[in-house]
Amino acid sequence: MRLGLVSDTHGVYDQALSTLLTDVHQILHAGDVGHKDTDPHDILSKLSAIAPTLAVRGNVDTGAPTDLFPESRVLVLSEWKVLLLHVCGMPPKITPACQELVTMHRPDAVVFGHSHKHGICQHNGVLYINPGSAGPARFKLPRTVAILRLPSKADTTVLSCDLVSFITLDAKAPSRIAASKSNKRTALYRCKPVQKKTRE
C-alpha cells in the first residue's frame, strides 16, 4: 500500500499533485489545510479526486468542523498503525502532547507537519515523518510532499526510513484557492480509509 503524505497547504492546491500522487491508495493531510480566506474542504475535495483523503486540524484550521478535522487520528492501514496529527516535533524533541499520544496508541508511524521542514527519523521503533509543506514557500525551505510504502507485515515488523520518498515541488507555489461562496461539503470528499491489496 502506498500513502501520499501532504501537509501545510495553507489554501494552496498544486496541480502537480494529481500526477505525483496518482499511484497512491490513500492521502493523509497533516493539517494547516486552509487559510483564513480558504475553505479547507476546497483543498480536500481536490486531493480526494486523486485518492481517498483524511486530514487533521492544524493551528490555522480553527473554523473547520471537528468531525472531519479532528486534532489527531489513529489509523490502521495494511495492518500498520499510523498516528496523524499536526504538531509533534522530530525526535528527540517531541512535544508532550505528541508523546502522550504515542505512549497511549503505540503507533508504527507518526505523520505530522507544522514546521514546513520535511524530515524523517526512526526513534524507539517508531517512524516519524514530516512531509514538509505543499503550500506557499516559507523560510527558504523547499516545498515537498512524501510517499510512504507500507509493506506486508509478513516481511517486516518495523517501518524503516527507506520506505519513505520525498518529492520536491516547484519553488513558486500556485495562488491560493479563492474563498468558497458556499459552506456545503463536497460530495466528492471521501473520508474513510481504504485497503487495496492489488499492489504495495
Side-chain angles (χ1 to χ4, degrees), residues 2-73 75 77 82-88 110-118 129-139 141-148 164-194:
R2 288 162 58 88
L3 300 179
L5 308 181
V6 180
S7 190
D8 294 275
T9 44
H10 289 274
V12 167
Y13 177 73
D14 194 323
Q15 294 288 348
L17 297 182
S18 62
T19 300
L20 296 172
L21 301 181
T22 188
D23 290 331
V24 304
H25 302 99
Q26 179 93 33
I27 295 174
L28 304 182
H29 195 303
D32 276 1
V33 182
H35 184 64
K36 61 181 180 180
D37 296 323
T38 304
D39 186 341
H41 293 95
D42 293 339
I43 301 295
L44 293 192
S45 66
K46 291 181 179 296
L47 290 173
S48 69
I50 304 171
T53 298
L54 286 167
V56 291
R57 177 188 304 269
N59 49 287
V60 303
D61 301 317
T62 53
T66 55
D67 57 337
L68 293 181
F69 299 89
E71 294 290 335
S72 64
R73 293 181 185 268
L75 309 167
L77 302 167
V82 179
L83 171 62
L84 178 65
L85 73 165
H86 184 57
V87 179
C88 173
V110 178
V111 178
F112 64 98
H114 186 59
S115 70
H116 292 221
K117 184 177 182 180
H118 71 287
I129 311 164
N130 185 334
S133 170
R138 291 185 179 177
F139 318 123
L141 295 171
R143 301 173 57 246
T144 56
V145 295
I147 293 177
L148 168 62
V164 179
S165 56
F166 292 98
I167 302 170
T168 301
L169 306 172
D170 286 345
K172 184 174 176 57
S175 299
R176 286 190 172 96
I177 295 177
S180 175
K181 295 181 180 179
S182 171
N183 291 324
K184 293 172 65 177
R185 297 177 185 176
T186 173
L188 292 174
Y189 185 70
R190 294 171 283 176
C191 60
K192 292 183 179 180
V194 297

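Residue numbers count from 1 along this sequence.
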From Leu148 CG over to Gln26 CD, what is the distance, rounded to the nearest 0.5 angstrom? 11.5 Å

What's the verdict on salt bridge (Lys or Arg N to Asp or Glu O under 4.0 Å) for Asp8 and Arg138, showing C-alpha distance, side-chain angles and the deciding distance? CA-CA 11 Å; Asp8 294 275; Arg138 291 185 179 177; over 6 Å; no

Given Asp23 and Ile147, is the side chain to side chain contact (heavy atoms under 4.5 Å, CB included) satisfied, shown in steps? CA-CA 10 Å; Asp23 290 331; Ile147 293 177; over 6 Å; no

Evaluate the side chain to side chain contact (heavy atoms under 4.5 Å, CB included) criterion for residues Asp14 and Arg143: first the C-alpha distance (whole Å), next the side-chain angles of each, then the deciding distance (0.1 Å), finally the verdict. CA-CA 10 Å; Asp14 194 323; Arg143 301 173 57 246; 3.0 Å; yes

In terms of heavy-atom contacts, Val60 and Asp32 come closest through N-OD1, 2.9 Å

Within this structure, what is the OG1-CD1 distance for the pair Thr19 and Ile50, rounded to the nearest 0.5 Å? 8.5 Å

Over all atoms of both residues, closest heavy-atom pair of Val33 and Ala55: CG2-CB, 4.2 Å

Working note: Leu169 + Leu17, criterion side chain to side chain contact (heavy atoms under 4.5 Å, CB included); need CA distance, chi angles, decisive distance, verdict. CA-CA 9 Å; Leu169 306 172; Leu17 297 182; 4.0 Å; yes

Minimum heavy-atom distance Ala51-Val24, with the two atoms named: CB-O, 3.8 Å

Check whether any side-chain heavy atom of His118 sits under 4.5 Å from a side-chain heavy atom of Pro142, and report yes or no. yes

Hey, does Asn130 have a side-chain heavy atom less than 4.5 Å from the side chain of Ser115? yes

Using the rule given for side chain to side chain contact (heavy atoms under 4.5 Å, CB included), can you reason through Thr66 versus Arg57, listing the C-alpha separation, both sets of side-chain angles and the distance that settles it, and then say yes or no? CA-CA 8 Å; Thr66 55; Arg57 177 188 304 269; 2.9 Å; yes

Please report the shortest heavy-atom distance between Pro131 and Leu5, naming the atom on each side. CB-O, 3.4 Å

Report yes if the side chains of Leu47 and Tyr13 come closer than 4.5 Å at any heavy-atom pair, otherwise no. yes

Value for OG1 (Thr22) from CG (Leu20), rounded to nearest 0.5 Å, stands at 9.5 Å

Assess whether ring pair (Phe, Tyr, Trp, His ring centres under 6.0 Å) is satisfied between Phe69 and His29, documenting all intermediate values. CA-CA 10 Å; Phe69 299 89; His29 195 303; 8.5 Å; no

Of all heavy-atom pairs between Ser133 and Pro136, which one has the smallest distance, and what is that distance? OG-O, 4.0 Å

Measure the acute angle between the ring planes of His114 and His86, then classify it against the limits of 30° and 60° as parallel, tilted or perpendicular. perpendicular

CG of Leu84 to CG of Leu28: how many Å apart, nearest 0.5 Å? 5.5 Å

Considering all heavy atoms, the nearest Ala134-Thr9 contact: CB-CG2, 4.0 Å

Measure the NE2-NE2 distance between His35 and His10 for me, rounded to the nearest 0.5 Å. 9.0 Å

